[in-house]
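The figures that follow rest on heavy atoms only: side chains count, while hydrogens, waters and symmetry mates do not. In this chain, numbering begins with 1 at the start of the sequence shown.
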Amino acid sequence: MNSFDYERHVLALDNTQLEQLVRKWADCQIERKYVSAMRYGGAGDLGRDVVGFYSVERHEGSWDNYQCKQYGRSLPTDQGMLELGKILYFAHMGEFTVPENYFFVAPKGINKNLKSWIQNPSQLKAQLIATWDKYCKFNIIQNDNVPLTNDLKVLIKSYDFSKVQIIDLDKILLDESFKHILVDEFGGELPSAPNCKVPSKVHANEFVYVSQILGVYSDYDKRTYASPSDLSGHIDFEEDFMEQRERFYSAEAFRAFYRDNTVNDVLLQFENEVFKGIRPMFRIRSNDAFERMCNVLVEAGKLQPSGKLAIHGKIDVKQGYCHHFVNEKRLKWRFTDE
């Protein structure tokens with residue numbers, strides 16, 4: 001099997017493996033979307049497979065439900081309606097709040113009737129009420145029945161069914177936020193980070209490393225460069241300063257992209273290898289700070305980190321990380337600042 005044929009890999013997953021894949025995806029959205037995630041699945045899940053919590057209140061606050069269904073064919077209407085009825089019934093019983101979003105994760109698709117209703121939320125609501133006895137009443141709790149009481153009907157009518165959505169095979173394969181999960185799970189290459197954009201003016205988040213660079217220039221020329229504008233017309237430093245900022249923003253774009261598009265510690269591993277790789281050169285005493293900075297940047301460009309990001313860590317990215325380390329006060333270029 002082609003290790004990069006993600007379609008075949010995803011379709012070959014069983015239900016548990018699909019839940020595990022989605023859990024990994026939810027985990028990667030922690031901090032920028034969720035505060036935590038959990039996989040339930042199996043008997044007693046009350047209609048929950050994978051859950052993403054928006055707050056520490058967890059089921060007493062806002063949360064998303066990912067209902068993972070991997071059948072030998074498309075998700076049947078009766079199973080989909082049962083799962084919806086189940087989650088709303090147990091919310092009605094006080095087990096949890098109603099989910100903020102409800103996702104059917106169905107790589108093999110969804111029955112055309114159910115899909116049509118999901119695409120028309122008012123119809124989905126009406127159909128769940130109208131077909132409750134057919135799909136839900138005798139199936140939510142084994143050996144018992146769950147009638148559609150007035151209170152339960154009120155809750156169903158109040159729920160926003162536009163929150164019910166489909167994650168199908170196309171969504172899994174084409175969504176950039178899913179790509180790194182597939183790479184981690186099945187192999188292949190991560191997508192490339194976007195090119196950097198360097199703002200014309202120095203921003204507040206550049207203050208530390210820019211001050212260090214200006215200090216390096218000042219020491220070298222035996223005159224004070226208090227701001228970037230003081231470099232205007234300098235035969236060497238004006239161009240060099242532009243290049244240093246390009247390096248910084250190349251690393252910034254790289255870091256921002258892969259922070260959201262890698263799993264576990266892939267980005268941290270890359271950053272640590274760059275930092276450890278430049279430390280020996282950094283420790284060597286140079287004649288001046290400018291020479292020291294240039295030597296370390298040259299060394300950074302030669303590094304060959306391991307891992308999935310190695311192919312994407314171009315020279316300017318690795319060199320730009322040196323300025324990030326200075327910005328984070330992990331390094332200093334000037335001896336006088338030590």
Side-chain angles (χ1 to χ4, degrees), residues 3-42 45 48-59 61-70 99-107 163-194 251-274 305-313 317 321 324:
S3 60
F4 310 129
D5 188 352
Y6 298 125
E7 178 175 342
R8 293 181 63 188
H9 276 299
V10 172
L11 291 177
L13 296 174
D14 62 28
N15 214 58
T16 298
Q17 291 169 330
L18 179 61
E19 290 175 5
Q20 292 168 341
L21 187 74
V22 173
R23 166 63 194 272
K24 186 179 290 188
W25 183 47
D27 279 341
C28 289
Q29 298 180 75
I30 291 174
E31 292 185 1
R32 63 188 175 93
K33 184 175 181 180
Y34 302 131
V35 300
S36 62
M38 183 174 292
R39 182 173 77 89
Y40 291 87
D45 62 14
R48 301 160 299 176
D49 283 345
V50 176
V51 167
F53 296 109
Y54 285 94
S55 71
V56 294
E57 283 75 27
R58 292 181 290 278
H59 272 316
S62 297
W63 57 286
D64 289 344
N65 188 57
Y66 295 87
Q67 183 60 225
C68 304
K69 294 298 181 186
Q70 185 80 305
E100 179 71 19
N101 294 287
Y102 188 104
F103 299 99
F104 281 112
V105 184
K163 302 290 189 177
V164 180
Q165 303 168 60
I166 301 169
I167 298 177
D168 58 11
L169 183 62
D170 286 345
K171 171 73 172 177
I172 293 172
L173 297 180
L174 299 177
D175 191 318
E176 285 297 327
S177 68
F178 228 121
K179 179 63 181 293
H180 65 287
I181 304 297
L182 299 178
V183 171
D184 184 70
E185 192 74 16
F186 306 119
E189 291 183 8
L190 290 164
S192 298
E252 177 76 7
F254 180 92
R255 172 181 274 183
F257 182 77
Y258 290 116
R259 185 187 295 121
D260 293 337
N261 291 285
T262 54
V263 301
N264 302 323
D265 296 325
V266 170
L267 179 62
L268 182 61
Q269 175 189 333
F270 178 88
E271 293 177 346
N272 285 342
E273 289 192 21
V274 173
S306 61
K308 293 181 180 296
L309 293 182
I311 192 173
H312 301 292
V317 169
Y321 261 107
H324 278 270

Return the minimal non-hydrogen interatomic distance between [X] and [Y], and the atom names on each side.
{"X": "Ala193", "Y": "Ala253", "answer": "CB-O, 4.2 Å"}
{"X": "Ile30", "Y": "Ala37", "answer": "CD1-N, 4.0 Å"}
{"X": "Gln269", "Y": "Ser306", "answer": "NE2-OG, 3.2 Å"}
{"X": "Asn261", "Y": "Leu190", "answer": "O-CD2, 3.7 Å"}
{"X": "Val317", "Y": "Ala251", "answer": "O-CB, 3.6 Å"}
{"X": "Glu273", "Y": "Pro305", "answer": "OE1-CA, 3.2 Å"}

Which residues share a side chain to side chain contact (heavy atoms under 4.5 Å, CB included) with [X], sequence neighbours left out:
{"X": "Glu185", "value": "Leu21, Lys24"}
{"X": "Asp168", "value": "Ile166, Asp170, Lys171"}
{"X": "Glu189", "value": "Ile311"}

Compute whether any side-chain donor of one residue and acceptor of the other, for Asn101 and Gln165, lie under 3.5 angstrom apart.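 Asn101 vs Gln165: donor-acceptor pair found between side chains.
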
Within a 6.0 Å radius of atom CZ on Arg255, are there more than 12 heavy atoms belonging to other residues, nucleotides or ligands?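 Counting neighbours around CZ of Arg255, more than 12 heavy atoms of other residues, nucleotides or ligands fall under 6.0 Å, so yes.
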
All ring-ring contact (aromatic ring centres under 6.0 Å, His included) counterparts of Tyr258, not counting sequence neighbours: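 With sequence neighbours excluded, Tyr258 shows a ring-ring contact (aromatic ring centres under 6.0 Å, His included) to Phe254, His312, given in chain and number order.
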
Identify, with sequence neighbours excluded, every residue that meets ring-ring contact (aromatic ring centres under 6.0 Å, His included) alongside Phe104.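 Phe104: ring-ring contact (aromatic ring centres under 6.0 Å, His included) contacts with Tyr102.
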
Between Trp63 and Phe53, how do the two ring planes meet: parallel, tilted or perpendicular, split at 30° and 60°?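 If you compare the ring of Trp63 with that of Phe53, the planes turn out tilted.
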
Is there a side-chain contact (heavy atoms from CB on, under 4.5 Å) between Lys33 and Ser177 once you walk through the steps? CA-CA 12 Å; Lys33 184 175 181 180; Ser177 68; over 6 Å; no

Are any non-hydrogen side-chain atoms of [X] and [Y] less than 4.5 angstrom apart?
{"X": "Arg48", "Y": "Tyr66", "result": "no"}
{"X": "Pro107", "Y": "Ile172", "result": "yes"}
{"X": "Asp5", "Y": "Phe186", "result": "no"}

Under 3.5 Å, is there a donor-acceptor pair between the side chain of [X] and the main chain of [Y]?
{"X": "Gln17", "Y": "Asp14", "answer": "yes"}
{"X": "Gln70", "Y": "Val10", "answer": "yes"}
{"X": "Asp49", "Y": "Cys68", "answer": "yes"}
{"X": "Tyr6", "Y": "Gly187", "answer": "yes"}

One pair to check against side-chain contact (heavy atoms from CB on, under 4.5 Å): Val266 and His180. What are the steps and the verdict? CA-CA 11 Å; Val266 170; His180 65 287; over 6 Å; no

I'd like to know whether Asp64 forms a side-chain contact (heavy atoms from CB on, under 4.5 Å) with Tyr34, so could you lay out the CA-CA distance, the side-chain angles of the two residues, the decisive distance to 0.1 Å, and finally the verdict. CA-CA 9 Å; Asp64 289 344; Tyr34 302 131; 2.6 Å; yes

Should Leu173 and Leu182 be marked as a side-chain contact (heavy atoms from CB on, under 4.5 Å) after you check the CA-CA gap, both sets of side-chain angles, and the distance that decides it? CA-CA 8 Å; Leu173 297 180; Leu182 299 178; 4.1 Å; yes

Atom CH2 of Trp25 and atom CG of Asp175: how far apart are they, to the nearest 0.5 Å?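 One finds 6.0 Å between CH2 of Trp25 and CG of Asp175.
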
Drop me the distance from Leu18's CG to Arg23's CZ, to the nearest 0.5 angstrom.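 So the CG of Leu18 and the CZ of Arg23 are separated by 14.5 Å.
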
Apply salt bridge (charged side-chain N to carboxylate O under 4.0 Å, His left out) to Asp45 and list each qualifying residue two or more places apart in sequence or on a separate chain.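 Result, salt bridge (charged side-chain N to carboxylate O under 4.0 Å, His left out) vs Asp45: none returned.
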
